[in-house]
Enquirer: 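The structure that follows is given in the form of structure tokens.
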Protein chains: 2
Amino acid sequence: MNPALSELGRIYPPERLLVQPGQLVPYESDALTAFRARPLAVVLPETTDEVVQTIGWCARHKVPYVARGSGTSLSGGSLPVEGGLVIGLNRMNKLLRLDPAERVAVVQPGFINLEVSNAAAPYGLYYAPDPSSQPVSTIGGNLAFNSGGAHCLKYGMTSNHVLGAKVVLPTGEIVELGSQSLEGVGPDWLGLFVGSEGLMGIAVEVTLRLLPKPEKYHTVLAAYDSLEKAGNAVAAVVASGLLPGAMEIMDHLAIEAAEAAVKAGYPMDARALLIVELEGEAPEVEAEARHLGDVIAASGAYEVRVARDADERAKIWKGRKAAFSAVGRLSPDYLVQDGVVPRSKLGQALLEIERLSQQYGLRVANVFHAGDGNLHPLILYDGKVKGQLEQAEALAGEILKLCVSLGGSITGEHGVGMEKKAYMPAMFSQADLALMRRIRRAVDPDELANRGKMFPHSEAPALTPHGPHPLEKAGVIWRE
Amino acid sequence: MNPALSELGRIYPPERLLVQPGQLVPYESDALTAFRARPLAVVLPETTDEVVQTIGWCARHKVPYVARGSGTSLSGGSLPVEGGLVIGLNRMNKLLRLDPAERVAVVQPGFINLEVSNAAAPYGLYYAPDPSSQPVSTIGGNLAFNSGGAHCLKYGMTSNHVLGAKVVLPTGEIVELGSQSLEGVGPDWLGLFVGSEGLMGIAVEVTLRLLPKPEKYHTVLAAYDSLEKAGNAVAAVVASGLLPGAMEIMDHLAIEAAEAAVKAGYPMDARALLIVELEGEAPEVEAEARHLGDVIAASGAYEVRVARDADERAKIWKGRKAAFSAVGRLSPDYLVQDGVVPRSKLGQALLEIERLSQQYGLRVANVFHAGDGNLHPLILYDGKVKGQLEQAEALAGEILKLCVSLGGSITGEHGVGMEKKAYMPAMFSQADLALMRRIRRAVDPDELANRGKMFPHSEAPALTPHGPHPLEKAGVIWRE
């Protein structure tokens, strides 16, 4: 073993320092399957001190690193760079504190999202951000990518639910960002860390805000004969002053897929389905439900169903949550895209996506967080047909450019990662990007933390073909 | 005139380049009256280009500068450094765009807070953050200090209502931070600017989020025979799941002062008054009002009044809003303090403040945004009694340390500015402060933008006695 890796061996016992090719395979990719890269090694720290020592090792040897939880990133955010280090945080998965009176939970970064709500349930509390990956994704990864979910319309994304974080900076220093009080001092330093995609350090303790579990839900499924009417219904609900917990739209293709997969009982002739869910204390929800009923009645829905109990509610959501994977039944392959448009531009965006779909001759299923203007077009293609993947990627790019041109964003919740860094200049000026880069370097002078992500002109060596690694050039890199 | 000032004279006509001592006097201080400093000059730009040219001039000559709106900062945030430049933005006061459909207003930094709501009123919209200074304070200053107000409980501070800002960086580059879409990319760069107290550049265009004006208000005034009961009532309202627009507490001394000043008709025998205001669509407010009635009835209030119309509502708020200035009737002088404690620690904090008040022999009136845990103790003293100001300041310091020890913050909405930078190490570690400083320098390498504020070991020359200015050392400084 080379001298540098031997040093790591003094921090970690062999079972937590993975160097054999077979051990590295699971860490070579994440949920964005288009990319692969072989790391130098994987370490599995169990304490903050081990994280600090590891960061120190990386700094001394100038080895880029990526912190990784469950690897569910859809933008390649948890990919290593070739020859870099993976810091797997799944063993730092303790619930450190749960205070029902203060309504906070303090967890380690490897703690699973859904487990926060499970731990809080006996006190009538829950953790609001609900990415679809919540049964497996970790809080550390949720922070890095500022994860959202269907129920983020009312209460916001991860950044709205993180009160504080203890962070190991790329310099090895430990800082405390944020506080439990509702009003902070100066700039939002914590907000600079949340969503920074691992470029500004590693959170080792995270303080989360818990909310009282809604006493009552009121879940409405409305069927429309056009996507446009469903989109306009969303605008009408917002204009009415109501703030639902979730507002989701599925188009015909998504309905078909979901129905085939889980038999949610959706109206199969609908061109678009709108799911609206109110949540809160019973008296308010009842008043809001009457109000919502009037708005939906006026919106041109040809069929409206209201869940009468928890089972009916679960069935409505089952279809929605299954929609992504269900699309796999309609097509051998698909790309999930993630873009945002101002809510008022939803109808225009959907029409344009339909036009692009026809132009490219590729089907696009639309499932989206309509209340946020967060689109998730699923682009269906067949990887076995030569050129179709490239066509699908080109179509995805056109959709992102459309989002930007409508005043929106290239990502709502999946992040930039590897996948979208080429689109950053479509959204940000050279001065914007230069500012971000200067701040990044102020935090991480050697740009080691999750090198190669987010910034278009990446400091990372090309993933393929394998470029020489600094340790390799120095003759110390480990090879089998 | 010296050569450096002559250069400024090529940017500004004489009426917008103030250099005479008499012209400079209004810019020597702000609403924190304890500090004064004489600037080199004051410029009054009317365009973004003039701001860029001015920043360039400052960078070339290494002259520190402060951007200033109406000078209402209570922490000395808009004070110049001795010999520095004041960039007065009151002439950049245009409403650039108001889009009722998108619910946004785009304004220049010198636009007055209350004028945003006035401009939006014909469309049934308003701008939510309502600092007491709102009839005079500017949006630029509100951004710099992330201003709050009584009605920020439900909808948050300025940072929650700013969607974007065009900023002239200290390097002279122009960047666009934030976006109109609800979900952004990467870290919260805009959040880094909002609340940065002028240290990271000058906003020249600000995009604000407008909200629909509440259809209905429900304003309750509850009287208690102890502060503790009022504090517990706040906790009970929050625990009930209700989210009022505002929840304010005044103690006996504040009640007495307000009543003497504006005859609000408050119950004079109360030891504490709680004001709770619900706001929103009529059906929901009515349902919530019944719910709130039950909570208040169970909270031990000995008298409960509900405003029956807009006049009664206005009367209740008139007393609350007059409380600060009304305290001037009870005492020749007073200090306004601004600290935050976790909401659950309110009762403990108030007991401790009472103990400190007795220990120092100085009366303390308490007026506060109870829902946020944001305390505004008013420390009464007589400046003509030798040593009393110092005692009052020492007491204020003890209250801030108390807030930090309870897990809160040294400022809720007034900012750090000059006044509180000495307390920063009580709240932040050396590593925390070093990180902030590195980021500040990444944005402003020469630390010219609002030099001397926020950071405890300030880069600014001492305000008094007058230290030599770089331009003076270079023999080019202007003197009368």
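A note on names: the letters A, B, ... follow the listed sequences, proteins ahead of strands, and every chain is numbered from 1. FYI, side chains are in, hydrogens and waters are out, and symmetry mates aren't considered; it's all heavy atoms of this structure.
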Enquirer: Pick one of side chain, backbone, both or neither for B:F145, based on which atoms fall under 4.5 Å of a heavy atom in chain A.
Expert: neither

Enquirer: If you count heavy-atom pairs within less than 4.5 Å of chain A, which of B:N160, B:V285, B:L169 leads?
Expert: B:L169

Enquirer: Side chain, backbone, both or neither: which part of A:E288 has an atom under 4.5 Å from a heavy atom of chain B?
Expert: both

Enquirer: Taking the side chain as every heavy atom from C-beta outward, state whether B:E102 and A:K345 have any atom pair closer than 4.5 Å.
Expert: yes

Enquirer: Which atoms of A:D432 come close to chain B, meaning under 4.5 Å heavy atom to heavy atom: side chain ones, backbone ones, both, or neither?
Expert: both

Enquirer: Under 4.5 Å heavy-atom distance to chain A, tell me which part of B:V443 shows up: side chain, backbone, both or neither.
Expert: both

Enquirer: Side chain, backbone, both or neither: which part of A:M424 has a heavy atom under 4.5 Å from chain B?
Expert: side chain

Enquirer: Under 4.5 Å heavy-atom distance to chain A, tell me which part of B:L190 shows up: side chain, backbone, both or neither.
Expert: neither

Enquirer: Side chain, backbone, both or neither: which part of A:E281 has a heavy atom under 4.5 Å from chain B?
Expert: side chain

Enquirer: Taking all non-hydrogen atoms of both residues into account, name the closest pair between B:A287 and A:A287 and its distance.
Expert: CB-CB, 4.0 Å

Enquirer: Kindly indicate whether the side chain of B:V238, heavy atoms from C-beta on, has any atom under 4.5 Å from the side chain of A:R103.
Expert: yes

Enquirer: What part of B:A239 is in contact with chain A, defined as an atom under 4.5 angstrom from a non-hydrogen atom: side chain, backbone, both or neither?
Expert: both

Enquirer: Please state whether the side chain, the backbone, both or neither of A:F193 comes within less than 4.5 Å of a heavy atom of chain B.
Expert: neither

Enquirer: Quick one: what part of A:R290 sits under 4.5 Å from any heavy atom of chain B, side chain, backbone, both or neither?
Expert: neither

Enquirer: Tell me, out of B:P212, B:S240, B:A144, B:A101, who's got the most heavy-atom pairs with chain A below 4.5 Å.
Expert: B:S240

Enquirer: Under a 4.5 Å heavy-atom cut-off, does chain A meet the side chain of B:E284, its backbone, both or neither?
Expert: both

Enquirer: Go through the atoms of A:L211 and report whether side chain, backbone, both or neither lie under 4.5 Å from a heavy atom of chain B.
Expert: neither

Enquirer: Which atoms form the tightest heavy-atom contact between A:R438 and B:A442, and what is the distance?
Expert: NE-O, 2.8 Å

Enquirer: Identify which part of A:V404 has an atom lying under 4.5 Å from any heavy atom of chain B, answering side chain, backbone, both or neither.
Expert: neither

Enquirer: I'd like to know which of B:P187, B:A235, B:G186 tops the heavy-atom pair count under 4.5 Å against chain A.
Expert: B:P187

Enquirer: Taking side chain as everything from C-beta outward and backbone as N, CA, C, O, which of these in B:L433 sits under 4.5 Å from a heavy atom of chain A? Side chain, backbone, both or neither.
Expert: neither

Enquirer: Going by heavy atoms in the side chains, are B:E173 and A:L435 under 4.5 Å from each other?
Expert: no

Enquirer: Given heavy-atom pairs under 4.5 angstrom as the criterion, report whether the side chain, backbone, both or neither of A:L406 touches chain B.
Expert: neither

Enquirer: Please classify the contact between A:L192 and chain B as side chain, backbone, both or neither, with a heavy-atom cut-off of under 4.5 Å.
Expert: both

Enquirer: Which one of A:E215, A:M200, A:M436, A:Q430 has the most heavy-atom pairs closer than 4.5 Å to chain B?
Expert: A:M436

Enquirer: Can you see which heavy atom on A:V185 is nearest to which on B:S409, and at what distance?
Expert: CG2-OG, 3.1 Å

